[in-house]
Protein chains: 2
Amino acid sequence: MSQKRSGIELDTSLGYLLKEASTALRLAMEEVLRPLGMTVTHYSCLELLAQRPGMSNSELARGAFVTRQSMNVLLQALERDGHVTRPAEAAVGKVLPARLTPRGRESLREASAAVRAVESRMLGGMSDGEQAEAFRLLQGMIRSLRDDSDGGHGSDGSDQSHGSDRKG
Amino acid sequence: MSQKRSGIELDTSLGYLLKEASTALRLAMEEVLRPLGMTVTHYSCLELLAQRPGMSNSELARGAFVTRQSMNVLLQALERDGHVTRPAEAAVGKVLPARLTPRGRESLREASAAVRAVESRMLGGMSDGEQAEAFRLLQGMIRSLRDDSDGGHGSDGSDQSHGSDRKG
DNA sequence: CACGGTATGTCAGACTCCTGACATGAGTCA
DNA sequence: TGACTCATGTCAGGAGTCTGACATACCGTG
């Protein structure tokens, strides 16, 4: 290790640090998810469905922070592999509620344990009070960013597609 | 707004919230950077070079949280557009130190102002003490994630390529 | 009922970024 | 000096995601 420390001292920017933390978490998750043949989005989708069965494609997309087009591609693969089922036709409207199959649930079980371990490691050195404080502060940042972003709709709906789908 | 509130209540996971915050920040940055014809990585590269002239491709990659392959592509475009210069040959080793051109510096100036505005908005509702606390907590998370990740090298060098390039 | 606004599912093309691999240069140690 | 390790720059191929576009279905208003 003869490297001369290529570290960057953007240590003054909270935004930079936020990205750094998020990247570190993503990498750690990818590392434990890769052996299971899963991506982070993949896992997120399954986890979302486990907690909220019947979520639609668009809802899943918002929850996993991707576009609904991307989530659609993923859902099709998940359906093909038998991890998720969707009705062939919508009962009402166009919404196709997705549900985990037993196989999908099983697949999620390992992944969920792995991811929980990562999150535990991340929070290892923090007290409960610190975790609560971190939670509060992050929520504040999110709110501040969103409140003035799309024109101040005030909702906390995490809409990813910010500009596509124009009516034309 | 007849939507039934598709919000997800993963409100118990700090990891999820971290990703949410990071996504919100990225979207906000893209929003202000798009009119300037810049991506976030694009901006990061310029900002890094402004603060540390002469950084190498690999160093920039680590600093912007992408692989050195991706950064190389970006640097080539930046060179082509006259925002960055690199010597044709390495003075020592293979490292090609990159530097901003006046044009690159000018381009960065607008972007930097825009990004700073976003970051200010994000921190709008936080006191100095809260910002310092957020900083400390995020650093703790990063350290915890990295300390046990690649085998515990203990350094805070942000290495992105975690497994490629094996000697084989 | 007709109409505009909004949300959804989906297809197609393009793009970004990553994985994998290779060759070269520098430092370390025997 | 030679072997080994580490870091870098670069090329090729592929997986994941995004932008753009279209058709359809709900909801409110007039």
Side-chain angles (χ1 to χ4, degrees), chain A residues 1-6 23 26-27 30-31 33-34 37-45 55-62 64-79 86-98 153 155 157 159-168, chain B residues 1-6 23 26-27 30 34 38-42 44-45 55-62 64-77 79 86-98 150 153 155 157 159-168:
Chain A
M1 211 54 77
S2 61
Q3 196 182 348
K4 209 198 305 177
R5 278 291 290 103
S6 62
T23 299
R26 178 177 54 79
L27 288 177
E30 284 175 354
E31 190 171 287
L33 253 23
R34 192 189 319 272
M38 268 193 211
T39 66
V40 174
T41 306
H42 192 129
Y43 158 74
S44 299
C45 177
M55 282 181 79
S56 72
N57 175 41
S58 289
E59 289 173 322
L60 287 167
R62 280 192 292 269
F65 309 110
V66 295
T67 60
R68 62 186 195 278
Q69 291 91 331
S70 297
M71 182 55 73
N72 194 28
V73 171
L74 176 58
L75 270 182
Q76 287 172 355
L78 252 27
E79 258 186 306
R86 277 190 297 179
E89 294 198 355
V92 54
K94 302 182 68 178
V95 177
L96 299 175
H153 53 29
S155 164
D159 192 359
Q160 186 77 358
S161 61
H162 49 98
S164 343
D165 247 337
R166 209 155 290 306
K167 242 327 165 31
Chain B
M1 210 55 69
S2 60
Q3 195 183 347
K4 209 198 305 177
R5 276 290 292 104
S6 62
T23 300
R26 179 177 55 78
L27 288 177
E30 284 174 354
R34 194 188 320 272
M38 268 194 211
T39 67
V40 174
T41 306
H42 192 129
S44 299
C45 177
M55 282 181 81
S56 73
N57 175 41
S58 289
E59 289 173 321
L60 287 168
R62 280 192 294 269
F65 309 110
V66 296
T67 60
R68 60 187 195 279
Q69 291 89 333
S70 297
M71 182 54 74
N72 194 28
V73 172
L74 175 59
L75 270 183
Q76 287 172 356
E79 259 188 304
R86 277 192 294 181
E89 294 198 355
V92 54
K94 302 181 67 176
V95 177
L96 299 176
D150 287 332
H153 52 30
S155 163
D159 193 357
Q160 184 82 357
S161 61
H162 50 98
S164 342
D165 251 336
R166 211 156 286 310
K167 240 335 166 27

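Letters A, B, ... mirror the listed sequences (proteins, then strands); counts begin at 1.
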Per nearest nucleotide of DNA chain D, the residue lying toward the 5' end, A/Val92 or B/Pro97, is B/Pro97
Could you state the [atom1]-[atom2] distance from [X] to [N], rounded to the nearest angstrom?
X	N	atom1	atom2	result
B/Glu30	D/dC18	CD	P	9 Å
A/Glu79	C/dT10	CD	C1'	13 Å
B/Gln69	C/dA21	CD	C1'	10 Å
B/Leu96	C/dG25	CG	P	12 Å
A/Met71	C/dG9	CE	C1'	14 Å
B/Arg34	D/dC18	CZ	C1'	10 Å
A/Arg68	D/dA23	CZ	C1'	12 Å
A/Arg62	C/dG9	CZ	P	9 Å

Whether the side chain of B/Asn57 engages the backbone of B/Arg68 through a donor-acceptor N/O pair (distance < 3.5 Å, no angle test) should be reported.
yes
Check for a donor-acceptor pair, side chain of B/Ser44 on one end and backbone N or O of B/Val40 on the other, with a separation under 3.5 Å.
yes
Inter-residue atom distance [X].[atom1] - [Y].[atom2], 0.5 Å rounding:
X	Y	atom1	atom2	value
B/Ser56	B/Arg62	OG	CZ	6.5 Å
B/Met55	B/Leu96	CE	CG	14.0 Å
B/Phe65	A/Arg26	CZ	CZ	10.0 Å

Find out whether [X] and [Y] are in side-chain contact, i.e. whether some heavy atom of one side chain is under 4.5 Å from a heavy atom of the other.
X	Y	result
A/Pro87	A/Pro97	yes
B/Arg86	B/Gln76	yes
A/Val95	A/Glu59	no

With a cut-off of less than 4.0 Å, is there a side-chain N or O of A/Asn72 near OP1 or OP2 of C/dT10?
yes
With a cut-off of less than 4.0 Å, is there a side-chain N or O of A/Arg86 near OP1 or OP2 of C/dT10?
yes
Any protein N or O atoms within reach of nucleotides 15-17 of chain D? Criterion: under 3.5 Å, listing atom names and distances.
{"unit_1": "D/dT17", "atom_1": "OP1", "unit_2": "A/Thr41", "atom_2": "OG1", "d": "2.6"}

With sequence neighbours left out, the residues meeting side chain to side chain contact (heavy atoms under 4.5 Å, CB included) with A/Leu74 are A/Thr41, A/His42, A/Cys45, A/Met71, A/Leu78
Hey, is the side chain of A/Lys94 pairing donor to acceptor with the base of D/dA23 inside 3.5 Å?
yes
Axis-to-axis angle across the helix from C/dC1-D/dG30 to C/dA30-D/dT1, five pairs each end, nearest 10 degrees, ~ 30°
Among D/dC11, D/dG9, C/dG9, the nucleotide that comes nearest once only the side chain of B/Asn57 is considered
D/dG9
Against the side chain of B/Gln76, the closest entry in C/dC11, D/dC11, D/dC26 is D/dC11
